[in-house]
Amino acid sequence: MSTSSKPVHILVVGAGAVGCFYGSRLHHPDKNIFVSLVCRSNYSAIRSTGVKIETKQLGNYTFHPHAVYSSNTSASTSQIAPPEGWDYILLTTKALPGIVDDPGEIAPLVNKAPAGRTCIVLIQNGIGIESPHRARFPQNPIISVVTTISAEQTSPGVIRHNRWTRAHMGLYSTGPTGQTPFPPSEARRGKDLLDQLVHIMRDLGGIKDASAHTESELLEVRWHKICINAAFNPSSILCGGLGNAAMIRDVEMLTHIKGCMHEVFDAAPAVVGRPLGEHLAKPEIIIKSTAKNAGAKPSMLLDWERGRPMELEAILGNPIRLAREKGVEMPRLQTLYALLSSAQRVREEQKKGGEAKL
Ligand SMILES: CC(C)(CO)[C@@H](O)C(=O)[O-]
């Protein structure tokens, strides 16, 4: 596939570990593909020296983005932004429904282009993250990406990639039924944009396990990823701050983690409409692979340690509610959700100087 005739402009909103890592693999100025970043606290560091990526899999290197912006507003009003807007906007911030209005945040960026032109790419954890974007941007192609990656920003603009680069991608129309609200020509355009993104990431960017999927396959992969995130991420906080590999060395923790994973495997068919496919790793295989990722912390633990809000609704609340609507309870996940939602509320009250009510 040729991507060189017309420039491709990609904007990454959320220049944390995941955004910087994937942004660096998509940036190919020699092929007319330009990645820019919207940064927050790491703005000065990245603007002056670029992003340093440390990865055993792909070698250490420095990524110099096409442009670096300090906020969505400054990107949308900048003189150097592409006048026709961006071809792709990659959202790699944490999914925090009820706390952050993601579609509202990116609206000035999406609306810079003619209606429906910009493709919105959601590289975020969790279930139910796409529908608010579809409601806000009825005409834009939306690509939902489920990534399994262990990476962290060790200091501003320095990203350590620990393990995995799996990126499953699929178009999101209106939901799991896969019925597209678009006329065939627009649906075709969405598919072309999906194929182009996979091509850039896999063939040019060296992410060998980047792949394109149908909408219903992607829903299945999202539930499979929940089996990992809902088991490890909340537990890492409640067990006192252990990383994933450390947790499963403890026999009681291992029983708990496996129990959470099987709970999701058992509940998923009620929502997805079929059992999770045989090609998707079973809990025992995930555990084996996780054991090799020693020293790394899951994203939710890093958020908790930094005093940031956790992705509780996307990773626990939404899956619990969707399964419950189908008559299936997930008691282990519900316990994690109740405890951590309360812990987060108490901490927010304490920050405000108040006291949680007894
Ligand atoms: C490490 C991981 C695979 C699960 O804990 C990742 O998704 C994360 O950090 O959330």
Side-chain angles (χ1 to χ4, degrees), residues 14 16-22 54-57 90-97 122-127 129 144-154 159-169 207 209-210 218 221-250 253-254 256-261 263-265 276 280-306 308-319 332-333 336-337 340 344:
V18 172
C20 285
F21 178 76
Y22 282 120
E54 299 164 0
T55 157
K56 288 196 195 96
Q57 231 162 296
L90 267 61
L91 189 60
T92 55
T93 52
K94 294 292 157 59
L96 299 167
L122 305 172
I123 311 188
Q124 293 177 309
N125 281 328
I127 296 286
I129 57 155
S144 180
V145 182
V146 179
T147 181
T148 301
I149 181 167
S150 166
E152 60 189 279
Q153 182 160 212
T154 51
I159 309 299
R160 188 178 69 214
H161 169 240
N162 302 309
R163 198 168 162 80
W164 305 301
T165 56
R166 223 163 295 139
H168 292 81
M169 312 189 202
I207 303 294
D209 39 10
L218 204 84
V221 176
R222 274 213 174 272
W223 273 87
H224 183 255
K225 179 74 194 304
I226 281 298
C227 148
I228 302 172
N229 286 130
F232 284 105
N233 295 19
S235 306
S236 67
I237 298 156
L238 293 170
C239 77
L242 295 179
N244 293 358
M247 271 189 279
I248 55 175
R249 282 200 292 270
D250 177 290
M253 284 300 297
L254 178 61
H256 159 74
I257 295 284
K258 272 192 194 162
C260 293
M261 287 181 159
E263 201 166 86
V264 179
F265 258 82
L276 296 185
L280 296 169
K282 298 276 180 304
E284 290 64 28
I285 303 290
I286 297 170
I287 301 264
K288 264 193 190 160
S289 178
T290 299
K292 295 183 195 146
N293 194 25
K297 292 181 177 182
S299 51
M300 195 179 275
L301 175 59
L302 293 169
D303 287 335
W304 174 256
E305 287 176 347
R306 290 166 192 173
R308 294 183 186 147
M310 298 173 282
E311 293 180 299
L312 294 176
E313 297 308 326
I315 289 179
L316 293 167
N318 286 349
R332 286 180 186 267
L333 265 61
L336 295 171
Y337 180 50
L340 276 181
Q344 179 155 280

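One-based numbering, in listed order, for ligands and for the atoms of each. Nothing here was measured: the structure is a model prediction, and the numbers come from that model.
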Parallel, tilted or perpendicular: ring planes of Phe21 versus His161, cut at 30 and 60 degrees: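 Geometry flag for His161 against Phe21: parallel rings.
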Atoms in ligand 1 flagged as close to Asn125, the criterion being non-hydrogen separation under 4.0 Å: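 Matching atoms, with element in brackets: 10 (O).
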Less than 3.5 Å between some nitrogen or oxygen of [X] and one of ligand 1, yes or no?
X      : value
Lys297 : no
Ser150 : no
Asn229 : yes
Thr148 : no

Distance-minimising heavy-atom pair for Ala95 and Glu311: N-OE2, 2.8 Å
Residue Lys288 excluded, over 12 heavy atoms near NZ under 6.0 Å: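 At most 12 heavy atoms, drawn from other residues, nucleotides or ligands, come within 6.0 Å of this atom.
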[atom]: which protein heavy atom is closest, and how many Å away?
atom                   : result
atom 8 (C) of ligand 1 : Ser299 OG, 3.3 Å
atom 1 (C) of ligand 1 : Asn244 ND2, 3.8 Å
atom 6 (C) of ligand 1 : Ile149 O, 3.5 Å
atom 5 (O) of ligand 1 : Asn233 OD1, 2.7 Å

Proximity to ligand 1 by part of Lys225, non-hydrogen separation under 4.0 Å: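 Side chain only.
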Does [X] reach the side chain of [Y], with side-chain heavy atoms less than 4.5 Å apart?
X      : Y      : answer
Leu333 : Cys260 : yes
Leu316 : Leu336 : yes
Ser299 : Lys94  : yes

Distance-only donor-acceptor check, side chains Thr165 and Asp209, under 3.5 Å: yes
